[in-house]
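Written out below as structure tokens is the structure these notes cover.
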There are 2 protein chains.
Amino acid sequence: MTGSCFAERLARYVPLTDSEKRALERLENNPRDLPRGATITRENDNCDEMYVLRHGWAMSYLILDDGSRQILRLHFPGDMFGTSSAAFGEATESLVTMSHATLCPFDKQALRVVFDEHPRLAALFFIIAQAERVSLTDRLASLGRTSAKARVAALLTDMLVRLRFLNKDISDTIPLKLTQEEIGDATGLTAVHVNRMMRALAEDGLVMRNNGNLVIRDEQGLARIANYVNRYAELDLGWLPAPR
Amino acid sequence: MTGSCFAERLARYVPLTDSEKRALERLENNPRDLPRGATITRENDNCDEMYVLRHGWAMSYLILDDGSRQILRLHFPGDMFGTSSAAFGEATESLVTMSHATLCPFDKQALRVVFDEHPRLAALFFIIAQAERVSLTDRLASLGRTSAKARVAALLTDMLVRLRFLNKDISDTIPLKLTQEEIGDATGLTAVHVNRMMRALAEDGLVMRNNGNLVIRDEQGLARIANYVNRYAELDLGWLPAPR
DNA sequence: CGACCGTTTGAGTGCGGTCAAAAGAAGTGG
DNA sequence: CCACTTCTTTTGACCGCACTCAAACGGTCG
């Protein structure tokens, strides 16, 4: 037990040294409990913090001038988020919990220590940033070039793949904590149309609803119509610096 | 003269030490000249390289199963691109030149040296990655939640802002090296509809075509209808480690 | 029990796509 | 330099996917 959710995540890629573990634990020595729907940061607020999510779900989003919302990413346990604070003094996105959640804020000074003293962790942070960038480019293609049905399918597939990565016990059933309105805001659709697409996916035998849970009945099929590429499979860590 | 296009870019944020300059120059000691339209990398090809663009324009894109294309980002001189190689062994996107171009490939081993010996540069790389991530989230909101006209306006505004950042002489006129088909592939529209939107923007007095160049006649107005947020203005570098 | 929120369904509309054709621009080779 | 091909832009007519508006239904919480 490392006591650090984030260290556990990273340890799945490379065995960490004690010194590295201690450095990561320092990012999580200030956990905070929040109820569902709590605002963590609002866009444009001054913000020097980033977060590691220990329990629960969160999401980041943008509100446009006309009041519409674009959900940027869902955050699950072990995720580091709010990382744009590393580059900007003001939050570039709003962060909110989607369930009761425990999160660990840490400030940029803590990040400085990691970069200064732990080059291998720094490289891992960079790798994670690149993986998230790729995830965003995949979603860009999804919104820009695929149908409503495909976009919903892509969101659901991505949730399944990511949640299963965190919990190997998950096979085909995931909690669907999102309202259809939120699915719409993530996929660039209206809630009404999301409802129709969910029904269509169910009629195609791809998914099934089961009191609050979503059952993916045909993962291959869902991934296929979603144009989904599973990139979580493996990262290339061959170039990492020696640990300290 | 540092001899490194990328070092010049970074030096605009922080004065670099000689040692840092030398490390960056090593990333560019293998320049390659390519004609317009040359493929640099194809999606799914094995790839251990990243690139610094010294002259010319390039772009990255994805091709979907149905053959449609999503352009992910335009790359201008001084940009580092193809960075997803840092995380993956296979290219996650295709890269192609949009003009005669000089680019400098470097491999992951070179990146390892930077992370190992130059924590401040590593932190800068991380900051740049975050800034690009934010740029992608802005585009996600653009594709997901704004009209065709707004998307085209956002692309044009972003090009103006980025090109002016590279060349202070640019005020309102930029070369438009993109075909309308390419603008469509970047914004998730068809070439035909891009044509209509360009005409609409011209009729609104926002832009003007001038033998291959685009004149932005009302930058404020264009940015407003685009829902454009200029985030290039300033990065927060307060937390950077000490240089080496 | 009512108030509220989310889901579901229907009817009608419109934005952006599709198809088609012509005109213009830019290479390419003789 | 011209003839030819190919690419790009432009315009028109029509279509359909996803949006809008509206109403009913169901679950949940005070």
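Naming: A, B, ... by sequence-line order, numbering from 1 per chain. Atom set for the values below is all heavy atoms of this structure, side chains included, hydrogens, waters and symmetry mates excluded. None of the values given here were measured: they were computed from a predicted structure.
Summarising the geometry, the separation between CD on B:Glu182 and C1' on D:dT9 is reported as 14 Å, rounded to the nearest angstrom. Atom CG in A:Leu201 sits roughly 13 Å away from atom P in C:dT8 (whole-Å rounding). C:dT18 atom C1' lies 13 Å from atom NE2 of B:His193, rounded to whole Å. In this entry the distance linking CZ of A:Arg36 with P of C:dC5 reads 12 Å, nearest Å. A:Met197 places its CE atom 8 Å from the C1' atom of D:dA18, with the value rounded to the nearest Å. Atom C1' of nucleotide D:dA18 and atom CG of B:Leu143 are separated by 16 Å, given to the nearest angstrom. If you measure from atom CZ of A:Arg199 to atom C1' of C:dT9, you get 7 Å, rounded to the nearest angstrom. Following rounding to the nearest Å, A:Ile183 (CD1) and D:dA18 (P) show an atom-to-atom distance of 16 Å.
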CA sep, side-chain torsions, deciding dist, call: B:Met197, B:Val194, side-chain contact (heavy atoms from CB on, under 4.5 Å): CA-CA 5 Å; B:Met197 294 302 102; B:Val194 167; 5.7 Å; no
Worked check of side-chain contact (heavy atoms from CB on, under 4.5 Å) between A:Leu235 and A:Gln130: CA-CA 10 Å; A:Leu235 298 177; A:Gln130 290 307 326; over 6 Å; no
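Using a 4.0 Å heavy-atom cutoff across all strands shown, A:Gly212 reaches no nucleic acid atom at all.
For the helix from C:dC1-D:dG30 to C:dG30-D:dC1, the terminal axes (five pairs an end, C1' atoms, rotation from four pairs onto the next four) enclose an angle of 50°, given to 10 degrees.
Remark: B:Glu8 does not engage B:Arg12 in a salt bridge, criterion side-chain N to carboxylate O under 4.0 Å. In this structure, B:Glu132 pairs ionically with B:Arg73, as a charged nitrogen and a carboxylate oxygen lie closer than 4.0 Å.
Residue A:Val192 places its side chain closer to C:dT9 than to any other of D:dT8, C:dT9, D:dT10. Side-chain proximity of B:Gln180 to D:dT10, D:dA18, C:dG16: nearest is D:dT10.
Between B:Leu189 and A:Asn195, the residue anchored nearer the 5' end of DNA chain C, judged by the nucleotide with its closest heavy atom, is A:Asn195.
Contact annotation: B:Arg209 reaches the phosphate of D:dT10 (side-chain N/O to OP1 or OP2, under 4.0 Å). Neither OP1 nor OP2 of D:dA18 sits under 4.0 Å from any side-chain N or O of A:Thr190.
In this structure the side chain of A:Leu206 reaches within 4.5 angstrom of the side chain of A:Ile225, judged on heavy atoms. Residues B:Met198 and B:Val152 form a side-chain contact, since some pair of their non-hydrogen atoms from C-beta on lies under 4.5 Å apart.
Residue A:Arg196 places a side-chain atom within donor-acceptor reach of the base of D:dT20, judged by atom type and a 3.5 Å distance cut-off alone.
Looking at B:Asp33 and B:Thr102, their side chains do bring a donor and an acceptor atom within 3.5 Å of each other.
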